[in-house]
Amino acid sequence: MPKVSMTVNGKAVSAEAEGRTLLSSYLREGLGLTGTHVGCDTSQCGACVVHVDGKAVKSCTMFAAEAEGAEVTTIEGMAAPDGTLNAIQQAFQDHHGLQCGFCTPGMVMSAAALLEENPTPTEAEVRHYLEGNICRCTGYHNIVKAILAASGQDVSGIAAE
Amino acid sequence: MPKDGGIGASTKRREDVRFLTGQGNYTDDINIAGQAYVHFLRSDMAHGRINAIDTAAAAAMPGVVRIFTGADFEGIGGLPCGWQVTDRFGEPMQEPAHPVLAQGKVRHVGDPIAAVVAETPEQARDAAEAIVVDITELPAVVDMRAALAEGATKVHDDLKSNLCYDWGFVEDNREAVDAAIKGAHHVTTLELVNNRLVANPMEPRVAVGDYNRATDEHTLYTTSQNPHVIRLLMGAFVLGIPEHKLRVVAPDVGGGFGSKIFHYAEEAFCTFAAKACNRPVKWTASRSEAFITDAHGRDHVTKIELALDEEGNFLALRTETLANMGAYLSTFAPSVPTWLHGTLMAGNYKTPLIYVNVKAVFTNTVPVDAYRGAGRPEATYQLERVIDKAARELGMDPIALRRKNFVTEFPYATPVAVEYDTGDYVATMDKLEEIADIAGFADRWEKSQDDGKLRGLGVNCYIEACGIAPSNLVGQLGARAGLYDAATVRVNATGSISVMVGAHSHGQGHETSFPQVVAEMIGIDPSQVEIVHGDSSKIPFGMGTYGSRSIAVCGSAMVRATEKIINKAKKIAAHLMEASEADIELKDGQFTVAGTDKSVAWGDVTLAAYVPHNYPLEEIEPGLEETAFYDPANFTYPAGAYACEVEVDPETGKVTICSFAAADDFGNIINPMIVDGQVHGGIGQGIGQALLENAVYDENGQLLSGSYMDYAMPRADDVPFYVVDHSCQTPCTHNPLGVKGCGEAGAIGSPPAVVNAVIDALQRAGKDVSHIDMPLTPARVWAAMNG
Amino acid sequence: MYSFDIERPTTIADAVAALGSDEAQALGGGQTLIPTLKQRLAAPAKLVSLSGIAEMQGVCVADDGALCIGGATPHAVVAREAAAAYPALAALAGQIGDPAVRNRGTIGGSLANNDPAACYPAAVLASGATIVTNARSIAADDYFDGMFGTALEEGEIIVEVRFPVPEAASYQKFLQPASRFALTGAFVAKFADGVRVAITGAGEEGVFRWSEAETALSHEFRPDALMDLSVSADGMIEDLHGSKAYRAHLVKVMTARAVAAAAG
Ligand SMILES: Cc1cc2nc3c(=O)[nH]c(=O)nc-3n(C[C@H](O)[C@H](O)[C@H](O)COP(=O)(O)OP(=O)(O)OC[C@H]3O[C@@H](n4cnc5c(N)ncnc54)[C@H](O)[C@@H]3O)c2cc1C
Ligand code: FES
Ligand code: FES
C-alpha cells in the first residue's frame, strides 16, 4: 500500500492508504485520531468536518491521497498544547452547546471556519452556515448561542439558560 | 441561590472537555488487536421466501474468515420481546419468532440473510456480494388496513393473521363511552396519522464482540442506552451465556432517543461470532444501514372523537388506533401503543369517560418501537389536536376551552388507570401566556399580514408519565422486566466518591448532574464525586436510561445509597467524637455533635472507615460502600403548556417557525442548564416531526426516505431560539428528590403546537382547512390551501 | 467502495491521457462521486483527480466580457470571485449545499453530473453559457441531455465554462427539505436581446427553458408578465417532496420571484 503524508495538527505524519481510503478513515484508523466522527454516508451530517489548508471540508468526502502534502487540522488540534480549550470550545461548554458530543467535533470545526470568514456573524448567518452540520440532541439553540458568544457578542438576552 | 455545584446549580458539564477535544470514547473508537469485521448481507426485498443460500464462492474470496447464515443459529434463541400485551378478550398477543439471521423468510428490507466475517470491512462486503441467494419474492404487506383485511398475505405464516393484538382500555368503559358520545351535544371527530419516524441519533450503531477462550468470558461493546438489559436479554434468552461470563459495555454513546434501548441482532451476532471465530468481531452501521435496521418510531393511524356539552365540558373520549409493529416485535414495541399511550389519554383534563382501542399490526417494514416520548407523543398529539378542532368548531378560544377542562385537584385518578400525584396546569398555562406573549399575538399577526405572510398561533398542553413503575404493577401489565434501578456509592479512604449507577448517559449529562446530588447531601465539593456508568462489570445492576427515568429512578437509588452512607458515617463520627449517634449532624462536610463545638471532617471519618484503628469494629464493618435498589411507587407526571407561532407563505405553503415557548413543570430541578438543553432538543425533534420528518414506504415495502437525501432532518435554520421556563414546580410526592424527569417533554409537547399554529394561520386567512397530516411539508400545506 | 487507484495530474493533457485508460473516471470535488462510490454504484479502476490542475482553476473576465470559470473551480471560489462580475451566479454558487461541500465541489463536476435538481445547470442554460471541454466548445442549449445526461463523450472533461453576463439576473431556489437541492429553482437572465428562463428541479428531463415565460418577459420584464401563463404538470417530477402540480406551481412562483429580484 502506498503511503500518504501530510501535516496533521502541526505534526508531519505518514500512514498507509489505498486509493479509496477516505481522509476520515486515514485520520481515524490510520492515525488513531478518533475525534473526527462519521455519522452518515451521503456527505450531509458534517460530523466529520476538518480543515484542509484552512478550509472546512467533509473528511468523509475527500480521499486521503488528495490531502497529500496538505495542512490538516482536526478537533484534536483545537485546544492549546496544555489542554486549555480555545474560545469556541470554551463557549460550547459554557453555553451547553453539546449533549452526546457526537456532532460536536464537526460543529466546532465548522464554527471555527465561520468565525475565520465572518468574525461577528448574525444569528441567521450562524444558522445558515451550519446547514451541513446536523445535531440531533440540542435543537441547535445552545450551539448557535455558543458560536455567537465565541464571536464576542453578548448572548445574555437570548432566552433561557 | 443554589450552592455552586449543588442541587439547582447550572454546573458546567464535566464530560464536555473530552467531547470538545476529540477524546470521547465511542464504540467505533474501540479497536481490539486481531479484530475481524462483519458485513451483513441484507434483504433488498420486503418479503420473500429463501430457497437456498450458496456461500461457496464467497467463502473462497480473499480475507474471508467465516460466513454465517440462519442455519448457524438454529436451536439458538431469537431476539426476545420484553413486554407481553393481553388483548381485550384476555388472550395474549401473537408473538412471532425473531431470528438473529433470517430463517426461511425475509420480512423487511434490511432483514439480515447472511453475515460475512473477514479481515477488512471491504473484504467482508466484497464477499457478501458474492453470496448467491435463491429467493422467491412474496407480496409485501405495507398498509396497515390492507394487512388486516380478510385473506391478506401473512407476514408470519405460523400466526393466525397480521393482528398482533386488539387492545381495549379500559374495556369496561367501552359501552358507557359509546353511549356518552351518542347522546352528546357536540362530538368532534378527527382522523389523523402520527407519522413514522427514524430516531437518527448521530452516532450509528456499532457492536464489537470479544471472547476469551481461556476464561470463557464474553465482552460486548455496544451503542446501548442500557447495557444490563442487553446482558440480561442476550445472555438469558438468545445465547445462553450466564451473567458472570458476559460483560456488556456501552461507553460514550452518541445519542439514543429510544432507538438504542433495544436488543438488536447485530449485538447477538458479534458476541456469538467472536466465540465461533475465536477473535474479536466488529460491526459499524452505515447510516443507510441504520435507516433499515434501527427500530422506527410512531406510525399510528388514529380516529379520535371528543364529546362535549353546551358549555364545552369534555364528556367522553374515544380513540381507535392502528399501530404498526413492523415485521417483528422489537424489545418493548407492544407496550408503546398500549400502556405508554392509552394511560395518557386523559391528558391534563378531567374527561370522565375514556375508551382507547389499539390494534397492533404486523407489516413488512422495519420493527417499530419507542422513540423519544414513546406512546405519549401519540396520545398528546391526537388529544391536543382534537381539542383544538373542537374549540374551532364551537367558536371557543382554544386556551379557554383547555382551561375549562383542566384537572385542578390532586391527586387525581384518571379514567385510564393512573393517578397524577401533583401538578398545576393553570400555573403552567399562565406562565406560557406570559413567556409566549400571547396577548401580543394580534399585533404580530398584523405585521405578518403586511409582509404577505399568514401568521398562526398554536397552543397545547401535555402530560407525560416518566419513570415507569412500580415493578409489581408493570409485571401485571405484561412487562417481562423490573423497572427499578440501582446505585452503589463507594466512598474512598480519602473521602472522594465513586458512584456506580445503572442509568446510562448518552447526552443527558449524568456525570455532572448526579454528583450535584451526592455533593449536596454530604456537603462536599462535587469534584470529589465521580459517576461510573455503562459497564455491567463495574456497576451493580441497572435498567438504563429511557422514558425520562434517570434522575427519578436511578437518582432516587443513589439518594438512598447515599443516605445509607451518611448513616454509617454518622456512627463512625459518633465513635470518633465519643458522642451519641443521635446527636451527630452532617453539614458542609463536617460532622458535629449538636450543642457542642466538637467536629470531625468528612475525610477523617472516611479514613477511619478504611484505617479502622479507632473504630467501633464490634458494631459495624470497616469500609464505606453502600448499594441501594429503588423501585418507584408510581410514575412521575411532568406536564406543561407549549405555544408556537408560525408564518405560512401563501404562495408556496412553506411554514416558518417564528417562535416557540415551553412552560414545563418538572418538579424539582437538579441542573437547570441541562434541563433547558433537554427541552430544546425535544422541541427540535418535535418540530422535525411536525414539519420535516417522514419515513415513507412504497407499496413494495421499499423505504423511500432511506437517507438524509429524502429523510429531512431539522437543521439549525429550520428552528428559532426557544423560550423555555420551568419555574412552575410541583414536586413529585413519592421520590426523595421530588423530581419528575424532563427528557421527553419537548418531543411530546411540541408537535401539536406546531400543527395547531398552521391550522390557525390558514383558518385566519379564511381557508377551510381543519387538519393536515404531519409532516406539514410545503407541498402538503399548499395542497391543503388549494384543495 | 471497490478498489481503485488515484492519479493526480497537473495538466489537462496529462489528465486526458490518464482518462484514456480503461475504466478511468474523472474526479472533481468528489461531492457526488464519493457518495456514489460508497454505495458501490460505480466501479472505476482509476480516478483521475482534476483538483491539482492549475489551468482549470479560477474565475476571470474575458475580453468579450464573458465570465470564465475553470472547470475544477470550487463553488466557494465562484461565490467569492464572481460576485462583482456576475452577482446572480455567485449567489447561486453560494447556495449550493453547505460551506464544506462548496469548498470541494466544482462547477465541472456539477455540470458533468447534471443532477435534475442541481443549481448550476439552471445558470448555464439561462445564461446561454458555453461549456469548453478538452476537445470542443458546446453551447448550453446542446449540452444538457435529460436527467444525468450530457453531450460529453467518454473521457471528455470540462475545462472551462464561459458565461455571457446578463444585464440583470437572479436565481431563486426552493429547497427540497431533506437534501436541500432545488425542489424547484428558476434562473432568470435578462440580456439586451431578450430574456432566458431556465428551470431546475422540476422537470423529468432535467433542466429546461420555459419559453412562454421568456417570450412574456422579453416583452415586459415584470413579475406580472407571468400572470396569465400556466405551467403544465405534464413532465414534472413527482416524489415524496412534491406532486407534479406542486412543482408546476413552483415554477411560476420561483420565476416570478427571480424576475422581481432581478428587476430589483
Ligand atoms: C451535502 C451536499 C449538498 C449538495 N447540495 C447541492 C445543491 O444544493 N445544489 C447543487 O447543485 N449541488 C449540490 N450538491 C452537489 C455538489 O454541487 C457537487 O459538488 C456536484 O454535483 C459535483 O461536483 P464535484 O466537483 O464534486 O464532482 P464529482 O463528484 O467529483 O464528480 C461528479 C461527476 O462528474 C464527473 N466530473 C467531475 N469533474 C469533471 C469535469 N471537470 N469534467 C468532466 N467530468 C467531470 C465525475 O467523473 C463524476 O461522474 C450537493 C452535494 C452534497 C454532498
Ligand atoms: S460523515 Fe461526513 S458528512 Fe456525514
Ligand atoms: S450533541 Fe448529540 S448530535 Fe449534537
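Lettering follows sequence order; numbering is per chain, from 1.
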Q: With a 4.5 Å heavy-atom cut-off, do Arg104(C) and Lys58(A) have their side chains touching?
A: no

Q: Test your reading of the model: is there a side-chain donor-acceptor pair from Lys38(C) to the backbone of Cys60(A), 3.5 Å cut-off?
A: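 Yes; at least one donor-acceptor contact below 3.5 Å.
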
Q: Shorter than 4.5 Å, heavy atoms on both sides: which option in Thr42(A), Leu22(A), Thr21(A) has the most such pairs with chain C?
A: Leu22(A)

Q: With a sphere of 6.0 Å drawn around CD of Glu116(A), does it hold more than 12 non-hydrogen atoms of other residues, nucleotides or ligands?
A: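 Count not over threshold, so no.
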
Q: As an exercise: rank Leu37(C), Ile6(C), Thr36(C) by heavy-atom pairs under 4.5 Å with chain A and give me the winner.
A: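 The candidate making the most pairs under 4.5 Å is Ile6(C).
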
Q: So which of Ser43(A), Ala65(A), Gly19(A) has the largest heavy-atom pair count under 4.5 angstrom toward chain C?
A: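 Option with the greatest count: Gly19(A).
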
Q: Report which part of Glu68(A) has an atom under 4.5 Å of a heavy atom belonging to chain C: side chain, backbone, both, or neither.
A: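 The answer is both parts of Glu68(A).
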
Q: When you check the side-chain N and O atoms of Ser51(C) and Glu66(A), is any donor under 3.5 Å from an acceptor?
A: yes

Q: Which one, Thr32(C), Leu27(C), Asp5(C), Leu47(C), leads in non-hydrogen pairs under 4.5 Å with chain A?
A: Leu27(C)

Q: Quick check on the interface: out of Arg102(C), Arg180(C), Lys46(C), who has the most heavy-atom pairs with chain A under 4.5 Å?
A: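 That would be Arg180(C).
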
Q: Which atoms of Met62(A) come close to chain C, meaning under 4.5 Å heavy atom to heavy atom: side chain ones, backbone ones, both, or neither?
A: both

Q: If I measure from the heavy atoms of chain A, does Glu7(C) come under 4.5 Å with its side chain, its backbone, both, or neither?
A: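 The answer is neither part of Glu7(C).
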
Q: What pair of heavy atoms forms the shortest contact from Ala178(C) to Gln44(A), and how long is it?
A: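 Heavy-atom minimum between the residues: O-NE2, 3.9 Å.
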
Q: Look only at the side chain of Arg20(A) and the backbone of Met1(C), and say whether a donor-acceptor pair between them is shorter than 3.5 Å.
A: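 A pair under 3.5 Å: yes.
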
Q: Mind checking whether Leu175(C) and Glu131(A) have side chains closer than 4.5 Å, heavy atoms only?
A: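 Side chain of Leu175(C) against side chain of Glu131(A), heavy atoms only: contact under 4.5 Å found.
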
Q: When rounded to the nearest 0.5 angstrom, what is the spacing between CG in Asp98(C) and CG in Leu130(A)?
A: 10.0 Å

Q: Under the 3.5 angstrom rule, does the side chain of Gln31(C) hit a backbone N or O of Thr61(A) as a donor-acceptor pair?
A: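 Yes.
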
Q: Which answer fits Leu33(C), side chain, backbone, both or neither, if we ask what part of it has an atom under 4.5 Å from a heavy atom of chain A?
A: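 Neither the backbone nor the side chain of Leu33(C) comes within 4.5 Å of chain A.
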
